[in-house]
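Heavy-atom basis, side chains included; hydrogens, waters and symmetry copies ignored.
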Amino acid sequence: MTAISSPINLFEYEQLAKTHLSQMAFDYYISGAGDEITLQENRAVFERIKLRPRMLVDVSQINLTTSVLGQPLQLPLLIAPMAFQCLAHTEGELATAMAAASAGTGMVLSTLSTKSLEEVAEVGSKFSPSLQWFQLYIHKDRGLTRALVERAYAAGYKALCLTVDAPVLGQRERDRRNEFVLPPGLHLANLTTISGLNIPHAPGESGLFTYFAQQLNPALTWDDLEWLQSLSPLPLVLKGILRGDDAARAVEYGAKAIVVSNHGGRQLDGAIASLDALPEIVAAVNGKAEVLLDGGIRRGTDIIKALAIGAQAVLIGRPVLWGLAVGGQAGVSHVISLLQKELNVAMALIGCSQLQDIDTSFLHL
Ligand code: FMN
């Protein structure tokens with residue numbers, strides 16, 4: 001195979017990014033849990049579902065604009081929360097935030113970011129409107145969690161995205177093999193009182209696994225959502241839901257949006273692909289909250305398939321890290337623009353000029 005120097009799709013970005021990253025960083029970014037069955041399934045389901053295009057429709061003007069929780073987006077795409085983006089590029093989350101805001105898309109910032117939530121918000125505030133959400137991990141130390149929420153609200157984040165699929169960290173074997181740690185100079189920028197991710201904790205173990213075990217609260221239940229919502233007026237988004245009954249419960253407990261997700265195959269290996277979970281969740285939510293989806297989105301046609309089943313928008317994960325590794329902000333912008341162009345062409349070819357008109361009639365399931 002010839003070496004790729006100017007990627008024209010997201011898969012080529014992955015190949016090129018590999019040459020820019022250390023083995024430890026690439027493995028951390030790309031890997032799934034266990035045998036990576038769920039990771040593969042997230043892609044396989046998009047490959048399985050085919051499209052039923054409609055002909056002789058005027059597609060001279062394609063409109064990709066939409067909104068999520070009342071905020072406008074130039075395309076139905078957000079950037080998923082991902083930890084440790086400075087492993088890919090010195091500007092890390094700041095570059096991602098610039099690229100997202102300048103494309104008119106949104107970004108969810110991870111609790112485990114390597115630039116502080118205030119610095120990232122500052123970048124977002126230069127663009128109006130800009131959609132930034134804060135992804136929250138609930139720590140055993142309630143005071144620390146409360147401080148994170150208060151800081152996110154004060155900094156101007158528009159929603160709290162609580163990740164519910166990680167009471168413990170999944171079994172990521174490549175990270176165990178590499179004894180994953182953060183290199184010198186990188187740290188948890190939002191949690192400066194917590195140190196220790198820079199040194200191996202236990203032989204044969206990932207530093208992140210130990211961090212989760214020591215710091216995060218595995219005893220979290222639905223009843224804790226009331227406490228969480230009392231900390232700020234921010235709307236609550238639950239990320240990591242894979243069942244209709246949980247989705248209905250999320251709505252009952254006040255969630256304004258749900259991200260159907262298996263954490264990119266990084267938590268429970270063998271879990272259902274997020275796209276396979278989408279129909280029962282859309283039915284259970286029944287319009288009472290917005291439904292978003294992530295996991296395996298790599299093509300414009302993947303976005304159409306998720307929207308046809310009822311997602312309001314999708315989130316992309318790893319391809320953003322590949323863009324960041326290859327070209328910082330410009331790389332992320334290019335990744336977003338590639339997907340945008342693919343979505344435009346795909347909309348024209350299925351015979352649909354508005355996102356709102358995409359429905360299951362376009363799918364051959
Ligand atoms: N999800 C979180 O909720 N919080 C995180 O801190 C977080 N860190 C991640 C780090 C990496 C390197 C990756 C690849 C994913 C991470 N995720 C995290 C999961 C993503 O938000 C998202 O669910 C997933 O990457 C989507 O799948 P995709 O990579 O196939 O697009």
Side-chain angles (χ1 to χ4, degrees), residues 4 6-16 30 38-66 68 73-80 100 103-106 259-262 264-265 272-279 281-282 290-323 332-365:
I4 306 278
S6 339
I8 57 166
N9 62 48
L10 275 47
F11 298 106
E12 291 188 355
Y13 255 102
E14 177 183 316
Q15 284 179 44
L16 184 56
I30 199 159
T38 297
L39 177 67
Q40 288 161 28
E41 194 58 19
N42 276 351
R43 276 303 306 150
V45 62
F46 281 111
E47 286 165 12
R48 210 157 47 228
I49 295 177
K50 303 293 187 294
L51 294 164
R52 297 176 65 241
R54 187 173 273 147
M55 301 303 154
L56 292 173
V57 175
D58 176 358
V59 288
S60 52
Q61 301 290 329
I62 304 276
N63 181 358
L64 297 183
T65 60
T66 187
V68 171
L73 288 180
Q74 289 304 308
L75 68 164
L77 180 82
L78 301 165
I79 296 181
T105 69
V259 183
V260 181
S261 172
N262 51 37
I272 183 172
S274 39
L275 194 71
D276 277 332
L278 187 59
I281 291 178
V282 168
E290 288 181 359
V291 179
L292 311 175
L293 172 133
D294 74 20
I297 300 278
R298 300 292 180 267
R299 289 286 190 186
T301 46
D302 299 335
I303 302 178
I304 289 183
K305 290 169 188 174
L307 265 51
I309 300 177
Q312 174 74 11
V314 298
L315 293 83
I316 51 165
R318 294 176 183 85
V320 169
L321 302 172
W322 310 145
V332 178
S333 293
H334 190 217
V335 163
I336 296 170
S337 76
L338 286 173
L339 268 183
Q340 185 166 19
K341 282 190 195 119
E342 287 186 17
L343 181 57
N344 250 307
V345 172
M347 290 283 286
L349 293 178
I350 64 163
C352 193
S353 62
Q354 307 267 1
L355 297 178
Q356 296 76 340
D357 296 339
I358 303 177
D359 62 20
T360 46
S361 77
F362 288 100
L363 300 182
H364 177 74
L365 294 166

I'd like to know if the side chain of [X] and the backbone of [Y] have a donor-acceptor N/O pair within less than 3.5 Å.
X	Y	value
Arg52	His364	no
Gln340	Ile336	no
Arg54	Gly351	no
Asp302	Arg299	yes
Lys50	Leu365	no
Ser261	Asp294	no

Check: For Glu47, does the CD atom have more than 12 heavy-atom neighbours from other residues, nucleotides or ligands under 6.0 Å away?
Finding: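 Result for CD/Glu47: enclosed.
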Where is the tightest heavy-atom contact between [X] and [Y], given as atom of each residue plus distance?
X	Y	value
Met347	Ile304	N-CD1, 3.8 Å
Val260	Ala277	CG1-CB, 4.0 Å
Leu10	Pro319	CD2-CB, 3.6 Å
Trp322	Tyr13	CB-O, 3.7 Å
Ser274	Asn42	N-OD1, 3.4 Å
Gln312	Thr66	NE2-OG1, 3.4 Å

Is the closest side-chain heavy-atom distance between [X] and [Y] below 4.5 Å?
X	Y	result
Leu75	Thr65	no
Pro279	Ile309	yes
Val59	Cys352	no
Leu77	Leu315	no
Phe46	Thr301	no
Val332	Ile79	yes

Check: After noting the C-alpha distance and the side-chain angles of Thr105 and Gln74, does the key distance pass the side chain to side chain contact (heavy atoms under 4.5 Å, CB included) rule?
Finding: CA-CA 6 Å; Thr105 69; Gln74 289 304 308; 5.6 Å; no
Next item on the list: Using the test side-chain hydrogen bond (donor to acceptor under 3.5 Å, both in side chains), find all partners of Arg298 that sit at least two apart in sequence or belong to another chain.
Entry: none
Next item on the list: Could you tell me which residues satisfy side-chain hydrogen bond (donor to acceptor under 3.5 Å, both in side chains) with Asn9, sequence neighbours excluded, listed by chain and number?
Entry: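 If we apply the side-chain hydrogen bond (donor to acceptor under 3.5 Å, both in side chains) test to Asn9, skipping adjacent residues, there are no hits.
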Note to self: Evaluate Leu51 against Leu363 for side chain to side chain contact (heavy atoms under 4.5 Å, CB included), listing each step before the verdict.
What the structure shows: CA-CA 5 Å; Leu51 294 164; Leu363 300 182; 3.8 Å; yes
Notebook entry, point to check: Is the shortest distance from a Lys or Arg side-chain nitrogen in Arg48 or Asp276 to a carboxylate oxygen in the other one below 4.0 Å?
Noted result: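 Judged by the 4.0 Å cut-off on N to carboxylate O distance, Arg48 and Asp276 do form a salt bridge.
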Checklist line | Residue pair Thr38 / Asn262, side-chain donor-acceptor N/O under 3.5 Å | finding: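 Checked: Thr38/Asn262 side chains show no N/O donor-acceptor pair below 3.5 Å.
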Next item on the list: List the steps and the verdict of side chain to side chain contact (heavy atoms under 4.5 Å, CB included) for Arg318 and Leu39.
Entry: CA-CA 12 Å; Arg318 294 176 183 85; Leu39 177 67; 3.5 Å; yes
Checklist line | side chain to side chain contact (heavy atoms under 4.5 Å, CB included) assessment of Leu343 paired with Leu339 | finding: CA-CA 6 Å; Leu343 181 57; Leu339 268 183; over 6 Å; no
